[in-house]
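Proteins get letters first, then strands, A, B, ... in listed order; numbering begins at 1 in each.
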Protein chains: 2
Amino acid sequence: MNFPRVGPMIDESNSTGKVTGRRAALRHVTEEKIFIAAETVFAQAGFGGATMQLIANLSGIAKPNLHYYFGSKELLYRAVLQRIFRMWLRAAEVMDDASTPAEGIGGYIDAKMEISRLNPNASKVWANEVMHGASMIQDCFKDAFFEWTSARISVIERWVAEGKMLPVNARYLLYLVWASTQHYADFGHQITILNHDTPLSDVEWETAKRSVKELVLRGIGAELNY
Amino acid sequence: MNFPRVGPMIDESNSTGKVTGRRAALRHVTEEKIFIAAETVFAQAGFGGATMQLIANLSGIAKPNLHYYFGSKELLYRAVLQRIFRMWLRAAEVMDDASTPAEGIGGYIDAKMEISRLNPNASKVWANEVMHGASMIQDCFKDAFFEWTSARISVIERWVAEGKMLPVNARYLLYLVWASTQHYADFGHQITILNHDTPLSDVEWETAKRSVKELVLRGIGAELNY
DNA sequence: GTCTATATTTCGATAGAC
DNA sequence: GTCTATCGAAATATAGAC
């Protein structure tokens, strides 16, 4: 699977053609700071509401340097999206290695819930991009995203054919898993409000994870052995 | 249930204290045009990315008149949110009247899927607000939202106590239903991309609806009688 | 109630010294 | 590579004629 390069547009090689390790390392550290701050700001305010000044303040990098590193607000946004997409794909590797739906889909739900818990901003940036037209996804990840989804659907359909689970529609099952796990990141503020203005505790988070997993696995006829 | 008044801040009575029917009707028509246009623009661009100029163009109302009717961009946004909240609450009435989980939760899923299909912009505006901090919800609907959710959880817990469904956690079941139905509105663009750049057809939409409903009802041990 | 014209603010982006 | 200062564009909001 190949990804169109939309990241930092400045080559990591210098004008002589050699890579200067010192500079490359410094660039990497600075880029990481910018990435984390940008992800937070884009998640909290959306692309339109985000400002380069906010990203500069949060990252501790002067505003003109953001342009120096990423060229423009839009290119920075695309780089952030690409990072998120990569992490998102990795979460599904558990499905490919599993031999049973309980293991594969149950593990995928665990992985997605873990991402929602540890990287809520990443999930929000993605959700925001999709809601507002997904034009960057269309431009950059469309083919890779389509092929990746098709492959995962094939895995599920094979399990159905092998009689390891009930004949549910694989595509809409996948959508339900995405929705119900990412909900805990994207709608985290709503969940907090409904939890007496307190973020979910460790115990509550485990209960939520188990609830989603049990309900889905039972819904597809692939109960875990408790 | 009472809602804090955050709508149009201009009284519908004139300075003499009497309501002039002609003016009130005209005001209502104009407000409706603004509401629909604002909902579309806020859904497509978020609060930060939305501009009063876009709303003016789409509604056919001159930009200064938007301020005349709603005071400010933020007050207009709050009024739009309140409208959405009301519609959202109505969809759950089917749960209160039902005597079985299959009827109540199945009907609720149908109603939410129907809203996602017919009012995708409304769902997106709400999702956007929640993702970006839900501060307006905190200010305006927090108590009503909390009490409404608690009441629905009680209904589900009663069904569990009566042995009409498996002992699932009612709160996280509700979240899963919200997430998996609103996904079809909020992530509509993503679903279209994965559907060969074609919006779901009537048949596909019915399949999706049935998939969600069957999976959830089976997951809570309340299968429909097919 | 409506609209033209404009005031005021804020943001993305850049020039240029260091 | 970094930062101060600033430009030019675009946004919210309003003044004031009709």
DNA chain C contacts made by residues 37-52 of chain B, counting heavy atoms under 4.0 Å: none
Sequence neighbours excluded, the answer for ring-ring contact (aromatic ring centres under 6.0 Å, His included) partners of A:Tyr108 is none
Expressed as a whole number of angstroms, how long is the span from B:Gln53:CD to D:dT12:P? 8 Å
Taking salt bridge (Lys or Arg N to Asp or Glu O under 4.0 Å) as the test, write out the residues that go with A:Glu204, two or more places apart. none
Pairing residues for A:Val29 by the side-chain contact (heavy atoms from CB on, under 4.5 Å) criterion, not counting sequence neighbours: A:Lys33
Could you tell me which residues satisfy ring-ring contact (aromatic ring centres under 6.0 Å, His included) with B:Tyr77, sequence neighbours excluded, listed by chain and number? B:Phe42, B:Phe47
Counterpart residues, side-chain contact (heavy atoms from CB on, under 4.5 Å), relative to B:Asp143 (two or more places apart): B:Glu147
DNA chain C: first to last nucleotide in contact with chain B (atom under 4.0 angstrom from a heavy atom), 5' to 3', is C:dG1 to C:dT4
Which pairs pass salt bridge (Lys or Arg N to Asp or Glu O under 4.0 Å) with one or both residues in residues 56-76 of chain A, sequence neighbours excluded? A:Glu74-A:Arg78
To the nearest angstrom, how far is B:Glu74 atom CD from D:dA13 atom C1'? 14 Å
May I have the distance from B:His67 (atom NE2) to D:dA13 (atom P), rounded to whole angstrom? 4 Å
Could you identify which residues of residues 55-65 of chain B place a heavy atom less than 4.0 Å from some atom of DNA chain D, listed by residue number, or say none? B:Lys63, B:Pro64
Under the side-chain contact (heavy atoms from CB on, under 4.5 Å) rule, collect the residues that match up with A:Leu26, sequence neighbours excluded. A:Thr30
Is the backbone of A:Arg171 close enough, under 3.5 Å, to the side chain of A:Arg152 for a donor and an acceptor to pair up by distance? no
Show every salt bridge (Lys or Arg N to Asp or Glu O under 4.0 Å) that has at least one partner inside residues 180-201 of chain B, sequence neighbours left out. A:Lys142-B:Asp197
According to side-chain contact (heavy atoms from CB on, under 4.5 Å), who are the partners of B:Ser154, at least two apart in sequence or on a separate chain? none
